[in-house]
There are 2 protein chains.
Amino acid sequence: MQMKQQVKERFNHFLSRKHLKTTLQRNLVVDAMVELGRHTHVDELYLLLRAKHPYIGHATVYRSLRLLAESGLAREINLGDGFTRYELARQGERHDYLVCSDCGTVTEFENGAVEKEQLRRAHNLGFAIETLKIELKGLCRHCQGRHPNAN
Amino acid sequence: MQMKQQVKERFNHFLSRKHLKTTLQRNLVVDAMVELGRHTHVDELYLLLRAKHPYIGHATVYRSLRLLAESGLAREINLGDGFTRYELARQGERHDYLVCSDCGTVTEFENGAVEKEQLRRAHNLGFAIETLKIELKGLCRHCQGRHPNAN
DNA sequence: ATCGATGCAAATGTTTTGCATCGAT
DNA sequence: ATCGATGCAAAACATTTGCATCGAT
């Protein structure tokens, strides 16, 4: 996959521009993010890396992801559930989440038309929009089955 | 001010509907929120209350604010800076927010058509939606002026 | 050789919880 | 009288930081 190389290259370019060092660990973090191809908790990524590289540290993953976000290649996602997620900033600007209030699973979905309309309205109110997040909370298909009559 | 009474009344109604108790502390929290009239950190509110009522506890403020949010009279704001803010939900049933990433001000706006469309799509994915939140982050008109060339 | 990066553990800061007591119903 | 609510301190939690060592430049 050449996308991995491309992202890694851009990250390394960012690093040297800032007089920071290209390290094995930083590359491992970028690789893992590209391979995952979806948003993830910091800790999830840490465990994933840990499995293959026992000596990588928790702090390093945190530090690398923050750098990756600073470089603009990833972004921080905050769903208000206590921990930070990161996601590669791909082509598009999708931020639509379905969060299951029972099992916590996050499903992404897309609705470009809706987003455009929201952006237009925000603009009319004088806002310079940076990010757009649409968050729906409810029970996913699986958890609906398990709790037929919750509440 | 009669708005304070109105909010307090609605909150108490919510409490009794849930078979929860109306207490001095819960009323103090609501009062403080109405008086402040703006979003605030939990801890800021705690210190404010503490000044007049030395025996109110940290945990109680957290617990009361969460209840207030559950009742729909307030909402949680998460700017990703490590602590939670709360704000009274003025018009009640709005779910679209413009959050200024600089000053934290929250502006509500409405877009019923968009919401309906989102709910429909979520339903198609098998989700039983409980809450819907559309959050746009960016610079409000005021903060745009103050930082002409940020970054 | 320099000086930033790492891993670990300890520290931090916010939010939650256990528990004995208090107080609204 | 019951049983939820409170205050406190301790716990839990994700995240950050200090420091000795490692490694990219």
Side-chain angles (χ1 to χ4, degrees), chain A residues 8-9 11-30 32 39-71 74 76-86 104 106, chain B residues 8-9 11-30 32 39-71 74-86 104:
Chain A
K8 202 149 47 175
E9 208 169 280
F11 187 44
N12 290 341
H13 181 255
F14 165 83
L15 289 174
S16 72
R17 187 156 45 83
K18 292 258 185 180
H19 305 290
L20 301 172
K21 287 170 182 170
T22 300
T23 65
L24 172 63
Q25 289 88 336
R26 286 175 177 168
N27 276 323
L28 287 175
V29 167
V30 177
H39 58 93
T40 176
H41 304 169
V42 181
D43 203 60
E44 184 189 10
L45 202 71
Y46 166 67
L47 291 173
L48 222 72
L49 287 165
R50 186 87 187 193
K52 291 194 179 174
H53 311 275
Y55 294 117
I56 198 167
H58 218 153
T60 300
V61 178
Y62 274 96
R63 290 187 275 229
S64 300
L65 283 173
R66 189 193 293 164
L67 267 181
L68 199 57
E70 266 174 47
S71 80
E76 233 182 87
I77 305 173
N78 209 306
L79 258 33
D81 58 357
F83 35 116
T84 306
R85 290 166 170 81
Y86 282 89
V106 178
Chain B
K8 203 150 44 175
E9 208 169 280
F11 187 44
N12 290 341
H13 180 256
F14 166 83
L15 289 174
S16 71
R17 187 156 45 84
K18 291 258 186 180
H19 304 291
L20 300 172
K21 287 170 182 171
T22 300
T23 65
L24 171 64
Q25 289 87 337
R26 286 176 177 167
N27 277 323
L28 287 175
V29 167
V30 176
H39 59 94
T40 176
H41 303 171
V42 181
D43 203 60
E44 184 189 9
L45 202 71
Y46 166 68
L47 291 173
L48 222 73
L49 286 166
R50 186 87 186 194
K52 292 193 180 174
H53 310 274
Y55 293 119
I56 198 167
H58 219 151
T60 300
V61 178
Y62 273 96
R63 289 187 276 228
S64 300
L65 283 173
R66 189 193 293 164
L67 267 181
L68 199 57
E70 266 174 47
S71 81
R75 77 172 64 88
E76 234 181 85
I77 305 173
N78 209 306
L79 256 34
D81 58 356
F83 36 115
T84 306
R85 287 167 172 81
Y86 283 90

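Here is the naming used below: chain letters follow the sequence lines, and residue numbers restart at 1 for every chain. The figures here come from the full heavy-atom set of this structure, side chains too, leaving out hydrogens, waters and symmetry mates.
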Could you grab the distance from atom [atom1] of [X] to atom [atom2] of [Y], nearest 0.5 Å is fine?
| X | Y | atom1 | atom2 | value |
| --- | --- | --- | --- | --- |
| Thr22(B) | Phe11(B) | OG1 | CZ | 8.5 Å |
| Ser71(A) | His13(A) | OG | NE2 | 11.5 Å |
| Leu28(B) | Leu49(B) | CG | CG | 6.0 Å |

Close N/O contacts between protein and nucleotides 1-5 of chain C (under 3.5 Å):
unit_1, atom_1, unit_2, atom_2, d
dC3(C), O2, Lys21(A), NZ, 3.3
dG4(C), O4', Lys21(A), NZ, 3.4
dA5(C), OP1, Lys21(A), N, 3.4
dA5(C), OP1, Arg26(A), NH1, 2.9
dA5(C), OP1, Arg26(A), NH2, 3.1

Between [N] atom [atom2] and [X] atom [atom1], what is the distance in whole Å?
| X | N | atom1 | atom2 | value |
| --- | --- | --- | --- | --- |
| Tyr62(A) | dT16(D) | OH | C1' | 9 Å |
| Arg66(A) | dA14(D) | CZ | C1' | 13 Å |
| Arg85(B) | dG13(C) | CZ | C1' | 15 Å |
| Asp81(B) | dT16(D) | CG | P | 12 Å |
| Ile56(A) | dC22(D) | CD1 | C1' | 15 Å |
| Leu65(B) | dT6(D) | CG | P | 12 Å |
| His41(A) | dT15(D) | NE2 | P | 9 Å |
| His13(A) | dT25(D) | NE2 | C1' | 17 Å |

Looking at every heavy atom in both [X] and [Y], which two are closest together, and how far apart are they?
| X | Y | value |
| --- | --- | --- |
| Val61(A) | Ile56(A) | CG2-CD1, 4.3 Å |
| Phe14(A) | Leu67(A) | CE2-O, 3.9 Å |
| Ile77(A) | His39(A) | CD1-CB, 3.7 Å |
| Leu65(A) | Tyr86(A) | O-CE2, 3.5 Å |

Determine which bases of DNA chain C form Watson-Crick or G-U wobble pairs with both distances under 3.5 Å, and write the result as a 5' to 3' dot-bracket string with | for other-strand partners. |||||||||||||||||||||||||
Return the 5'-most residue of the pair Thr22(B), Val61(A) with respect to DNA chain C, ranking by each residue's nearest nucleotide.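 Its nearest nucleotide lies further toward 5', so the answer is Val61(A).
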Counting any heavy atom closer than 4.0 Å, what does Phe83(A) reach on the DNA or RNA strands: base, sugar-phosphate only, or nothing? sugar-phosphate
At 4.0 Å (heavy atoms only), tell me whether Leu24(B) reaches a base, stays on the sugar-phosphate, or touches nothing. nothing
Among pairs that include at least one residue of residues 42-66 of chain B, which meet side-chain hydrogen bond (donor to acceptor under 3.5 Å, both in side chains), considering only residues two or more places apart or in two chains? Arg38(B)-Glu44(B), Thr40(B)-Glu44(B), Asp43(B)-His58(B), Tyr46(B)-Arg50(B)
Extract from the structure each pairing of a protein N or O with an N or O of nucleotides 18-20 of chain D at less than 3.5 Å, listing the distance.
none

Please determine whether side chain to side chain contact (heavy atoms under 4.5 Å, CB included) holds for the pair Leu15(A) and Arg26(A), giving the CA-CA distance in whole Å, both sets of side-chain angles, and the decisive distance to 0.1 Å. CA-CA 10 Å; Leu15(A) 289 174; Arg26(A) 286 175 177 168; 4.1 Å; yes
Which of residues 45-52 of chain B have a heavy atom under 4.0 Å from DNA chain D? Arg50(B)
Under 4.0 Å from OP1 or OP2 of dT14(C): is there any side-chain N or O of Thr84(B) that close? no
Does a side-chain N or O from Tyr55(A) land closer than 4.0 Å to OP1 or OP2 of dG7(C), or not? no
Which is it for Val42(B) and Phe83(B) under the side chain to side chain contact (heavy atoms under 4.5 Å, CB included) test, yes or no, and what are the steps along the way? CA-CA 8 Å; Val42(B) 181; Phe83(B) 36 115; over 6 Å; no
For Glu9(A), does the CD atom have more than 12 heavy-atom neighbours from other residues, nucleotides or ligands under 6.0 Å away? no
Contacts of Asp81(B) that satisfy side-chain hydrogen bond (donor to acceptor under 3.5 Å, both in side chains) - sequence neighbours left out: Arg85(B)
Using the rule given for side chain to side chain contact (heavy atoms under 4.5 Å, CB included), can you reason through Asn12(A) versus Lys8(A), listing the C-alpha separation, both sets of side-chain angles and the distance that settles it, and then say yes or no? CA-CA 6 Å; Asn12(A) 290 341; Lys8(A) 202 149 47 175; 4.1 Å; yes
